Amino acid sequence: MFNPVSFRRIVEVWNAGQHLTEMRATLSDMEETLGLQGELLHDVPVAKVFANGEYRDTWDARWAEGHGVCQWASLGEDIAGAQLPHVQGPAGVGKVHAAGWVDVPALLQAMEAHFEVHHNVEHQTWNVDDGLPSGADALVDCRGVGAADELSEVGVQIHPNHGDVLTLSTPLEGPHALDSGGHTINNGKWLLPTHQHAGRQHWRLGATYAWHKTKASPDGHAADELRKHMSKVWDGASREAWGNAQLEKHEAGLRPASPDRRPMVGPWPGQPKGVLMLNGLGTRGVLVGPSAALALVRWWMDGVPIPEEMDLSRFKAVRERFQD
Ligand SMILES: Cc1cc2nc3c(=O)[nH]c(=O)nc-3n(C[C@H](O)[C@H](O)[C@H](O)COP(=O)(O)OP(=O)(O)OC[C@H]3O[C@@H](n4cnc5c(N)ncnc54)[C@H](O)[C@@H]3O)c2cc1C
């Protein structure tokens, strides 16, 4: 999912405009190259269900302030007119039109097939000691939390943040059908309508955040909590439909979070020329990944300086160890 609005503080997320533009351009190029036009990036507005009147006042005040966040969202609305017939929201809702989701599994599958035909794909592990493979000009380490131990030895911190996400399905017709009016619903957790398949609507429900879990295994308790939390959003009949939603999949992963929540892009500290890295995408790989990759490529190919916020030399521990 991508969403340029932080609901905690009702502000734009970091560099929202640039990252949205670069994400869209990158995915549009990839859709074309891979023959998947219109299949990877899906625009789906978010309906943020306000927790209370105070939150709505803060939301609406952004328009009086002329705040940048207003370009991605709209003024609060009462639930009655918001095309969310089965959602409960006494304090109203605010919509973010510039949000949606990217079919990352389809993208990875198509890229792998493309590289198998046009280039070469090998599956193998890599660690820093392996260095630059023979014949390669560059290697980009994108191991996420898999690189955490080695990075900590050179002063770069990657903190694993565990998360669970569920895939559920409901029938498209009948008393157990569920309708979000084409919106992703956010009531603190997310419910995103994705594909329709074999007479059923598929949904992604997420996510949890835990710092103390270091293995990417699904947590049954977290799944119950997610379902329970989202049941509060539905009115009577739809709550019953929600209770009958079928669990299709329960997945979990470790988000590679950096201390300042910005990516880490550039040369691998202390390694030979050509050993590069892209890490620290944290909770926002979809929105930030394309810009981070562009920054890396522009620097490597054209000598364009890496933006300071992504450059590893912003970390004192790295500067102290690897002064030029
Ligand atoms: C539950 C959950 C929900 C999320 N929802 C969203 C969302 O809606 N939108 C969003 O933008 N982001 C979301 N994220 C965050 C997103 O998943 C990350 O930002 C993204 O996956 C980071 O991408 P990455 O490629 O840098 O790292 P990863 O996705 O972690 O990939 C690292 C890869 O490196 C491999 N690897 C590790 N060690 C080695 C080694 N030694 N040799 C070879 N390979 C190795 C791993 O197997 C893995 O395939 C979510 C994360 C979780 C856990």
Side-chain angles (χ1 to χ4, degrees), residues 1-7 13-16 19-20 22-24 26-27 40-42 44 46 96 98-105 107-109 111-112 121-131 133 139-151 156 158-167 184-186 189-194 203-211 213-219 222-223 225-226 249-258 261-265 268 275-293 295-296 310:
M1 227 198 57
F2 60 90
N3 167 37
V5 177
S6 154
F7 289 144
V13 297
W14 170 57
N15 259 356
H19 292 167
L20 275 172
E22 291 179 343
M23 178 199 73
R24 285 187 176 282
T26 303
L27 284 160
L40 295 180
L41 192 147
H42 304 266
V44 179
V46 177
V96 179
W101 63 284
V102 173
D103 195 337
V104 176
L107 171 64
L108 293 178
Q109 209 182 347
M111 277 178 71
E112 192 161 323
V121 178
E122 280 175 37
H123 295 270
Q124 60 183 69
T125 58
W126 182 87
N127 294 301
V128 160
D129 288 344
D130 297 326
L139 172 140
V140 185
D141 172 10
C142 304
R143 287 177 294 158
V145 299
D149 288 347
E150 286 176 334
L151 283 172
V156 181
I158 288 288
H159 305 294
N161 181 253
H162 182 280
D164 292 87
V165 63
L166 308 183
T167 305
T184 292
I185 296 175
N186 179 290
K189 296 299 172 194
W190 298 90
L191 182 65
L192 165 73
T194 56
W203 308 84
R204 297 273 280 182
L205 171 64
T208 58
Y209 300 85
W211 293 106
K213 297 178 196 161
T214 49
K215 295 263 180 305
S217 20
D219 177 334
E225 285 302 307
L226 284 169
K249 224 189 302 177
H250 179 179
E251 293 162 289
L254 297 173
R255 305 174 183 91
S258 67
R261 307 293 179 264
R262 303 284 183 261
M264 297 151 168
V265 170
W268 222 107
V275 180
L276 315 177
M277 60 181 280
L278 195 165
N279 209 323
L281 293 176
T283 57
R284 285 205 211 108
V286 168
L287 185 58
V288 176
S291 296
L296 184 68
M310 298 190 189

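Just so we're clear, the structure is a prediction, and the values are computed from it rather than from any experiment. Numbering of ligands and ligand atoms starts at 1, following listing order.
Checking side-chain atoms of Trp211 against main-chain N and O of His162 turns up no donor-acceptor pair under 3.5 Å.
Just one of Thr167, Thr184, Thr194 meets the side chain to side chain donor-acceptor pair (under 3.5 Å) condition when paired with Arg204; it is Thr167.
For Arg255, the side chain to side chain donor-acceptor pair (under 3.5 Å) partners at least two apart in sequence or on another chain are Asn161. Under the side chain to side chain donor-acceptor pair (under 3.5 Å) criterion, Asn186 pairs with Lys48, not counting sequence neighbours. A search for ring-ring contact (aromatic ring centres under 6.0 Å, His included) contacts involving His250 returns nothing, not counting sequence neighbours.
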What does the N/O contact table under 3.5 Å look like for ligand 1?
from, atom 1, to, atom 2, distance (Å)
ligand 1, 8 (O), Met1, N, 2.9
ligand 1, 9 (N), Met1, N, 3.4
ligand 1, 9 (N), Met1, O, 2.9
ligand 1, 11 (O), Gly285, N, 3.1
ligand 1, 11 (O), Val286, N, 2.9
ligand 1, 12 (N), Thr283, O, 3.0
ligand 1, 19 (O), Gly282, O, 2.7
ligand 1, 19 (O), Gly285, N, 3.1
ligand 1, 41 (N), Trp126, O, 3.0
ligand 1, 42 (N), Trp126, N, 3.0

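Here the CG-CG distance, from Leu20 to Asn3, works out to 9.0 Å after rounding to the nearest 0.5 Å.
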